[in-house]
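Structure record follows, encoded as structure tokens.
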Amino acid sequence: MVPEGTGAERGGRRRVMANLVNLEQVHKSFGITPLLDDVSLGVQEGERIGVVGLNGGGKTTLLEVLTGIEAPDSGRVSRRGGLRMAVVTQRGVLPEGAVVGEVVLAGLAADSRAGGSDDVAEHEWAADSRIRGVLEGIGIAGLGMDTPVANLSGGERRRVALAAALVRDLDLLVLDEPTNHLDVEGVQWLASHLLSRRSALVVVTHDRWFLDTVATRTWEVVGGAVESYEGGYNDWIFARAERSRQADATEARRRNLARKELAWLRRGPQARTSKPRYRVEAAEALIADVPAPRDSVSLASFARKRLGRVVVELEDVTLETPDHRELVRDLTWRLTPGERVGLVGVNGSGKTTLLRALAGDATPAAGKRIQGQTVRIGWLRQELDDLPTEMRVLQAVSDVAERMMLGDKEISAGQLAERLGFTPAKQRTPVGDLSGGERRRLQLTRILMAEPNVLLLDEPTNDLDIDTLQQLEDLLDGWPGTLVVISHDRYLIERICDSTWALFGDSKLTNLPGGIEEYLRKRAALVEPTRRPATATSTPATTTDSATYRAARKELTKLERALEKLTEREDKLHAALAEAVTDPDKLITLGTELKQVQTEKEITEERWLELAEELG
């Protein structure tokens, strides 16, 4: 049976949404632990689903069963005949001996053969603006198409595998943590690209801004079941807070964390709160007694007592790469007690090198570094080579200290480990048996246990699930010290930092009063002039064929008419939503339809812009 969707009206009829993949009573276990237990769900055409849950809770297993990489122990998985699907996992496995261009075009070549067409020529990447746009957006355009994949870093291999999927025209795209190894700009580009596609999407992600932007539905994998929620991160947090509010006393701490996160969301930009009025009122009642995330004044005062006047200062510092490429020139930067800084920039701009200079691990080519006498630095690096693999988790934490002060409260090593996701049973696990995400959490736990008064965090969200991220943010909200964070996670930067600074590749450190949004605007202004010549060179080849030109003009006119109709429909839906404010069921139906209309409008506008650019 094919369920009827609630999609936008096309041609005067309501479109029937066909299922692409169905899971029926699926069970999957590893050892004695059931990761999926009697799970039944489906993915419909055009649906964008975000998958969340604890690390090790079954998210990746769900994707592998859904796509056929793993077979279920019991139950049935059915896929539509002729389904065009691409899967990008965290493994980043690429064919040995291949070059970047071959990997990127391999899927296109297979699609062409399946459609009875000739293979895609290797030189076509240079002439196809869509492929070129993907390579630029993912940040691999500068690698060179003849570069052997064996010479790539882990992050570059992940981005190449992602690009190979994004250049294809698919029915279903399945991605596992695609924002890892992307900078803030890359994450925004990926979200915009996925919104412009017609294909369905299933994505595991811990990036909350990305989840809220992309997803029309959220699946939470918990306790072997898959709970389904309408909407993205904001809606999921509200629903989970409501569910927790009604739970028994043993769920009190998780409930409070969800309520605090929701309170922060409601205090944030208005774009996060465009929910039906009945839900806004319910949310406000839920968070009425939740305090502000942190008291900045008292924390800064406490930090000054611990740190004194001098924290870390860089005076007239010049930083270079090992091959003498200049990253920063004549930089004078003085960190103050209690300052909370978010540091952003494109990959390779020098963020990690600057953090190393603050930590005293990188020697400047010129200038000097000054450190206060009472400063104790805690430095979370991206590498995981500083853990005692022969110890068990609790031993590795208590080896640093048995107890610590967190603000005005004393907690034990075991309590801190539990707050960062290590249950009492997990605390007995040998460090050598931990996964990458668990090692990252242990590394952070050990650093906090040392009670530093200056924290330097390099991509702390890598490999952390959303629950652990909330716990980390809750800890850092009340942490009284100086903080510098490099992260592509916009929510983390906005939540725990009071100022944002950026490296734009001009050898300067720039303050951004407007935060991440200002950074993205400035980056777009810098990048746009470099893209125009490449676009201009492809225009003559497009317009020389008069038949192609006429067809493009005809399609452009058709798209303009479609945009007028979609805009008119969007206005009517907004008016209907205002009238239906007292009818929750109607609000949900109208809101879903509005999302579909807006998505179709975005896709149509994107195609109109492409054609308008080609036609000059």
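What you see is a predicted model, and the numbers here were worked out from it, not measured in a lab. Heavy atoms only: backbone and side chains are in, while hydrogens, waters and symmetry mates are out. All residue numbers refer to positions in the sequence shown, counting from 1.
With sequence neighbours left out, the side chain to side chain contact (heavy atoms under 4.5 Å, CB included) criterion links S398 to E402, A413. Residues meeting the side-chain hydrogen bond (donor to acceptor under 3.5 Å, both in side chains) test with D330, sequence neighbours left out: none. Residues forming a side chain to side chain contact (heavy atoms under 4.5 Å, CB included) with L35 (at least two apart in sequence, or on another chain): F30, T33, T61. By the salt bridge (charged side-chain N to carboxylate O under 4.0 Å, His left out) test, D73 is found to be paired with K28, residues two or more places apart in sequence or in another chain being considered. Annotation: side chain to side chain contact (heavy atoms under 4.5 Å, CB included) contacts of A359 (sequence neighbours excluded): W379, L456.
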| task | For the pair E451 and R376, evaluate salt bridge (Lys or Arg N to Asp or Glu O under 4.0 Å) and give the outcome as yes or no after the intermediate values. | result | CA-CA 8 Å; E451 294 190 75; R376 295 197 309 276; 5.4 Å; no
| Could you walk me through whether R392 and V431 pass the side chain to side chain contact (heavy atoms under 4.5 Å, CB included) check? | CA-CA 5 Å; R392 298 184 183 274; V431 173; 5.9 Å; no
| How far apart are the C-alpha atoms of E177 and K59, what are their side-chain angles, what is the distance that settles it, and do they pass the salt bridge (Lys or Arg N to Asp or Glu O under 4.0 Å) test? | CA-CA 10 Å; E177 297 288 10; K59 301 188 300 294; 5.6 Å; no
| request: Please step through salt bridge (Lys or Arg N to Asp or Glu O under 4.0 Å) for the pair E459 and R381, ending with a clear verdict. | output: CA-CA 8 Å; E459 294 291 359; R381 301 178 298 156; over 6 Å; no
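For F504 and Y519, the ring centers are positioned less than 6.0 Å apart. If you look at Y491 and Y233, their ring centroids are closer than 6.0 Å.
Screening residues 355-368 for side chain to side chain donor-acceptor pair (under 3.5 Å), with sequence neighbours left out, gives R356-D361.
Between V328 and L509, every side-chain heavy-atom pair lies at or beyond the 4.5 Å cut-off.
One N or O on the side chain of D465 and one on the backbone of N55 form a donor-acceptor pair closer than 3.5 Å. Within the 3.5 Å criterion, the main-chain N or O of C497 finds no donor-acceptor partner in the side chain of R340. Using a distance-only test at 3.5 Å, with no hydrogens or angles considered, a donor-acceptor pair links the side chain of T216 to the main chain of R48.
T213 and L195 make their closest contact through O-CD2, 3.7 Å (heavy atoms, listed as atom of the first residue, atom of the second, distance). The minimum heavy-atom distance linking L63 with L175 is given by the pair CD1-O, 3.8 Å. Taking all atoms of both residues into account, the shortest heavy-atom contact from Q427 to G414 is NE2-O, 3.1 Å. Closest approach of G345 to K351, counting heavy atoms only: O-NZ, 2.9 Å. L455 and P452 get closest at one heavy-atom pair: CD2-CG, 4.0 Å. Scanning all heavy atoms of the two residues, the minimum distance from Q382 to T352 falls at NE2-OG1, 3.9 Å.
Side-chain atoms of W236 and E220 include a donor-acceptor pair closer than 3.5 Å.
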